[in-house]
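In what follows, a single structure is set out as structure tokens and then discussed.
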2 protein chains.
Amino acid sequence: MKGALREKIASEITLSDYPGKTIRKWREELEITQHELSKFLELSPSVISDYESGRRKSPGTKTVRKIVDALLELDKTRKSSLYFAEPDNLNEIILSMKDFPVGLSPSIFLKKIQGVNLSKAVPLVRNIHGYTVLDSLKTITTLRSSDYWKIYGWSTERALVFTGVKFGRSPMVAVRAHPLKPAMVVYVRPERVDPLAVKLAELENVTLVRTQLSKSEVVSRLEAL
Amino acid sequence: MKGALREKIASEITLSDYPGKTIRKWREELEITQHELSKFLELSPSVISDYESGRRKSPGTKTVRKIVDALLELDKTRKSSLYFAEPDNLNEIILSMKDFPVGLSPSIFLKKIQGVNLSKAVPLVRNIHGYTVLDSLKTITTLRSSDYWKIYGWSTERALVFTGVKFGRSPMVAVRAHPLKPAMVVYVRPERVDPLAVKLAELENVTLVRTQLSKSEVVSRLEAL
DNA sequence: TGAGTTATTCGTCATAAGACGAAGCAGCTT
DNA sequence: AAGCTGCTTCGTCTTATGACGAATAACTCA
């Protein structure tokens, strides 16, 4: 599984306007200090800072690769590895999951699940390349933040469908906190939707959707796609 | 859909030992000449050659990004765009498709479909992160080589399951010809398996598998995973 | 045969990357 | 107040990148 994350980080750094900021993002996400990283790479700590601060604007592929590999290696060889934890009770958390061969337009996706768009400030343009249906409570309580990336499968351009939602606050907070962001978040029969959730969605440019269909109905409709 | 391919190419270049070779691979895959590329980028053609030949060993992220974007842009704005063709009859070709939340060990995957490993020279180590079930004949006859990438979903570390296979030659030739390679190729009830197919599989380090289960049985077993 | 396309090699140049170490600053501890 | 950690800023150095253009070589095709 290393490959997918390695590629994700590498492409994100390479395609970023500010590679240094992206390096920093992932270093912090993996809870590695500049000093640790520089020690591993046998470099002066100031070098890392120079990259992250943008003094070096366009690091070479060799540099990017060794930084990515160092980050993953440092994370791996650590007592509480964030991204190399053992596979756990994912099957209880993930109720259904799929990736589409071709991207679906968000409006078509919405119709299929009779969804209502709550985040009107977010333009409905990001195509949906898959979905993951999650038990909201179990996700929040048993999934370590560090395992969140596993629910993204092979694209973050997907819909995260949360069931068992009360106010819809925690799921959006989780999305906000984690570096990987979905294109869409769907709440299945929420009791009500907290305005903060909508605000967070708009901040993250994530489409927030509510559907009043039942959990099983949503799952069967999605699996029929 | 541009994003996924863009990220794929970018990460491949960045993580490659020889970024230049990877650039060349994708330029040729997209059927773009050095001259076209250099003209688009307002550069001298020799610059591209210098990159590809490895004179510049570690191009900066800025350079990689503009090359990747130029390649995709040039492909897009062309009469017979290879990677931006309209969505077509994919639904007829793809019988089933899924990505797993966690990688499956190849031996477990084999057991699930009662598969027999034909490529003994290939070590059984690449985890399977998803599968695509394809109608072999339709794939070969109606899917343009340029659309092959659509069957890979979000990871190439997957099993391509071909149904309606006679000798199993064409599918492996297709795999050999295309830059994206799966981790595993499965033939569902082939009449017989051409030794050349095995040879090609071993050359590409792809596990080649035969199962005698029926098409519908294989699909239902896979979808139950 | 000779023009046209495609790609390579290479000398050269300015600028940026890649690296160091010293100095400095904010925020904690003890 | 002294010391530690985490990070930043900056002057300085060597080397490599990023770019050019000219020369060359191999191929096709009229």
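Letters go in sequence order (proteins before strands), and every chain restarts at 1.
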> Measuring from A/Trp26:CH2 to A/Leu37:CG, what's the distance to the nearest 0.5 Å?
Replying inline: 15.0 Å

>> A side-chain contact here means heavy atoms from C-beta on lying under 4.5 Å apart; do A/Leu72 and A/Arg6 qualify?
In response: yes

>> Quick test of your reading of the model: are B/Arg65 and A/Asp17 salt-bridged, counting only N-O distances below 4.0 Å?
In response: yes

> Which parts of nucleotides 20-25 of chain D does protein reach within less than 4.0 Å, heavy atoms only, written one letter per nucleotide 5' to 3' as B for base, S for sugar-phosphate only and - for none?
Replying inline: BBB---

> Can you tell which of C/dT9, D/dT9, D/dT17 lies closest to the side chain of B/Ser58?
Replying inline: D/dT17

> When the distance from NZ of B/Lys57 to P of C/dA16 is rounded to whole Å, what number comes out?
Replying inline: 21 Å

> Can you find a heavy atom in the side chain of A/Thr132 that is under 4.5 Å from one in the side chain of A/Val161?
Replying inline: no

> Which letter, B, S or -, goes with each nucleotide of nucleotides 25-30 of chain C from 5' to 3', with contact meaning a protein heavy atom under 4.0 Å?
Replying inline: ------

> Does any residue of residues 16-24 of chain B have a heavy atom under 4.0 Å from DNA chain C, and if so, which ones, in number order?
Replying inline: B/Arg24

>> Between P on D/dA19 and NZ on B/Lys62, what's the gap in Å once rounded to a whole number?
In response: 9 Å

N/O to N/O distances under 3.5 Å, protein versus nucleotides 3-5 of chain D:
none

>> Distance check needed: D/dC7 C1' versus A/His35 NE2, whole Å only.
In response: 11 Å

> Do the non-hydrogen side-chain atoms of B/Asn127 and B/Pro106 ever get within less than 4.5 Å of each other?
Replying inline: yes

> Rounded to whole angstrom units, what separation is found between the CD1 atom of A/Ile67 and the P atom of C/dG18?
Replying inline: 9 Å

>> For the residue pair B/Ser16 / B/Thr22, report whether a side-chain donor-acceptor contact shorter than 3.5 Å exists.
In response: yes

> Within a radius of less than 6.0 Å around CZ of A/Phe40, do more than 12 heavy atoms belonging to other residues, nucleotides or ligands occur?
Replying inline: yes

> What is the distance, rounded to the nearest whole Å, between atom CD1 of B/Ile48 and atom P of C/dT5?
Replying inline: 18 Å

> B/Lys66 has a side chain; which of D/dA19, D/dC7, D/dG18 sits nearest to it?
Replying inline: D/dA19

>> Tell me the interatomic distance from A/Leu41, atom CG, to C/dG18, atom C1', rounded to whole angstroms.
In response: 12 Å

>> We want to know whether B/Tyr131 and B/Ser96 form a side-chain donor-acceptor pair, criterion being a heavy-atom distance below 3.5 angstrom.
In response: yes

> Where is the tightest heavy-atom contact between B/Val198 and B/Leu118, given as atom of each residue plus distance?
Replying inline: CG1-O, 3.6 Å

> Hey, which of these two, A/Tyr51 or B/Gln34, hits DNA chain C nearer its 5' end, going by closest nucleotide?
Replying inline: B/Gln34

>> If we ignore hydrogens and angles and just use 3.5 Å, is the side chain of A/Arg158 paired with the main-chain N or O of A/Gly130 as donor and acceptor?
In response: no

>> Under the salt bridge (charged side-chain N to carboxylate O under 4.0 Å, His left out) definition, can you give me all pairs with a residue in residues 49-58 of chain A, not counting sequence neighbours?
In response: A/Arg24-A/Glu52, A/Arg27-A/Glu52, A/Asp50-A/Arg55, A/Asp50-A/Arg56

> Given atom CD1 of A/Ile32 and atom P of D/dG6, what is their separation to the nearest angstrom?
Replying inline: 13 Å

> Rounded to the nearest 0.5 Å, what separation is found between the OH atom of A/Tyr51 and the OG atom of A/Ser58?
Replying inline: 10.5 Å

>> So A/Val47 and A/Ser49, do their side chains get closer than 4.5 Å, heavy atoms only?
In response: no

>> So, using side-chain contact (heavy atoms from CB on, under 4.5 Å) as the criterion, who are the partners of A/Pro19 when residues are at least two apart?
In response: A/Ile13, A/Pro59, B/Thr61

